[in-house]
Amino acid sequence: MSKFDFAPMPDTDGFFGNYGGQILPPELIKVMNDINQAYEEICKTEAFQNELMQLNQDYVGRPSPIYHAKRLSDKLGGAQIFLKREDLNHTGAHKINHCLGEALLAKFMGKKKVIAETGAGQHGVALATACALVGIPCEIHMGQVDIEKEHPNVTKMKILGCKLVPVTRGTATLKDAVDSAFEEYLKNPDEFIYAIGSVVGPHPFPKMVRDFQSIIGREARQQFNDRHGKNPDIITACVGGGSNAIGLFTAFLNDDEVKIVGVEPAGLGLDTDKHSATMTLGKPSQIHGMKCYVLETEDGEPMPVHSIASGLDYPGVGPQHCYLKDIKRVEYDSVTDDECLSAFMTLSQVEGIIPALESAHAVAWAMRVAPTLDKDKTILINLSGRGDKDADYVAEKLGL
Ligand SMILES: *Cc1c(COP(=O)(O)O)cnc(C)c1O
């Protein structure tokens with residue numbers, strides 16, 4: 001028996017302990033509750049489950065393998081490092097897992113348009129892909145700063161037939177894109193659906209996105225046990241909004257022997273104002289329709305956050321992570337931009353795997369910890385995505 005019992009989370013109001021909920025005007029609470037009801041009905045039907053299962057297999061390429069990074073483990077001289085290869089999914093990251101779910105849900109609900117924000121462009125590409133597959137119009141809002149940094153993803157979204165809306169307000173990054181996309185959604189919430197890109201926003205999104213992503217941990221737990229007859233000692237993943245992390249963690253939450261660590265971006269350092277370590281330095285507050293830890297300025301505005309990985313620079317974080325931190329089931333640590341870059345290059349040159357800068361945060365944390373552990377210990381990293389999108393940026397940054 002585990003001392004934790006996570007099955008019933010969140011409660012019927014969408015709370016994980018003190019976090020989550022629906023911090024919205026009453027008319028929007030009704031819209032969200034309709035989505036929740038449709039989701040609860042539809043996701044239990046055999047038609048929905050079979051279609052999603054088949055697409056996960058034939059279209060995404062699931063199950064994604066677990067790879068033993070032997071050369072990296074040997075080089076570090078400590079714990080054995082394993083990678084859950086979400087980078088091998090169609091579209092190159094874990095985001096396709098929830099995008100397929102959300103696009104299918106939109107179809108089953110008869111919606112006319114899917115709207116979303118994107119940071120690094122990964123959610124945009126994954127959603128545009130899923131909408132092309134399902135046959136629903138798609139509109140993506142993206143910060144101008146990110147548009148310039150993530151050119152290949154911008155091109156892909158256009159090719160995939162979605163409408164791309166550049167956002168120039170504020171810092172012109174992820175948070176501003178969320179605001180802009182939400183405004184468009186509010187124009188007609190009956191016919192549109194908002195497809196949030198992580199386990200954030202009002203209930204039921206943190207629950208739905210988690211459910212769609214939790215296939216990562218279900219597969220990983222089975223695969224690791226089939227191969228080794230036990231669970232990994234440590235599992236870890238990077239945390240932006242927290243979807244790839246909760247996707248891996250969920251299946252292991254009741255396995256008390258497994259240490260679980262989420263890794264946040266410390267950017268230029270936790271003692272500067274250029275980071276995005278929400279769980280480490282944020283305070284309980286609210287943002288984008290939910291209660292969660294938030295990085296705020298002295299006058300209570302969301303802080304302009306920074307990470308070398310666009311997909312991680314968000315001043316809020318998924319409510320379930322906040323709860324898991326408070327009850328001490330999951331630990332949250334951080335790595336800097338420099339450590340991330342170094343891990344990015346090391347994994348590329350020692351294993352021939354170019355990771356996304358986001359995922360390289362989790363790799364960097366494992367590289368820091370592995371040498372302090374015995375060789376029979378195991379660390380499973382969720383390699384949330386591949387680094388093709390970051391290659392030019394890194395080359396320029398390092399003068400390659
Ligand atoms: C978007 C993204 C992330 C961050 O989002 P989470 O919701 O925290 O998982 C991490 N890795 C990759 C590859 C991404 O594209």
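Here the structure is a predicted model, which is why all the values come from computation and not from measurement. Remember, it's 1-based here, ligands and their atoms both numbered in the order they're listed.
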Numbering the atoms of ligand 1 from 1, which are under 4.0 Å from a heavy atom of [X]?
X    : answer
G311 : 4 (C)
G240 : 8 (O)
H94  : 2 (C), 3 (C), 9 (O), 10 (C), 11 (N), 12 (C), 14 (C)

Does [X], backbone or side chain, put an N or O under 3.5 Å from an N or O of ligand 1?
X    : answer
C238 : no
E358 : no
S198 : yes
Q122 : no

Practice task
Output yes when E51 and K107 qualify as a salt bridge under the 4.0 Å nitrogen-oxygen rule, no when they do not.
Solution key: yes

Handout entry: Winner among S359, S243, P355, G385 once heavy atoms are compared against atom 6 (P) of ligand 1
Key = S243

Exercise for the section: Only heavy atoms count here, so choose which of N244, D87, L174, L357 is nearest to atom 9 (O) of ligand 1. Expected result: N244

Rounded at 0.5 Å granularity, tell me how far [atom1] in [X] sits from [atom2] in [Y].
X    : Y    : atom1 : atom2 : value
D374 : D233 : CG    : CG    : 10.0 Å
M345 : I354 : CE    : CD1   : 8.5 Å
S359 : R85  : OG    : CZ    : 10.5 Å

Practice task
Please confirm whether G242 comes under 4.0 Å of ligand 1, counting heavy atoms of the residue only.
Solution key: yes

Practice task
Consider ligand 1: state whether an atom of it lies below 4.0 angstrom from any non-hydrogen atom of H123.
Solution key: no

For ligand 1, which part of [X] has a heavy atom less than 4.0 Å away: the side chain, the backbone, both, or neither?
X    : answer
A356 : side chain
E86  : neither
L312 : side chain

Problem - NZ or CZ of K187 within 45° of F192 ring axis and under 6.0 Å - result: no

Problem - Donor + acceptor pair across side chains of N244, E358 (<3.5 Å) - result: no

Exercise for the section: Give a yes or no on this: more than 12 heavy atoms of other residues, nucleotides or ligands lie within 6.0 Å of atom NZ of K75. Expected result: no

Practice task
Could you state whether L324 and Y293 fall into the same hydrophobic cluster, counting links through intermediate Ile, Leu, Val, Met, Phe, Trp or Tyr residues with side-chain heavy atoms under 4.5 angstrom apart?
Solution key: yes

Exercise for the section: List the closest protein heavy-atom neighbour of atom 3 (C) of ligand 1: residue, atom name, distance to the nearest 0.1 Å. Expected result: K95 NZ, 3.5 Å

Handout entry: Minimum-distance protein heavy atom relative to atom 12 (C) of ligand 1
Key = S384 OG, 3.5 Å

Exercise for the section: Flag the pair F16 / Y323 as yes when their ring centroid distance falls below 6.0 Å, and as no otherwise. Expected result: no

Practice task
Report yes if some heavy atom in the side chain of E148 is under 4.5 Å from a heavy atom in the side chain of Q144; otherwise report no.
Solution key: yes

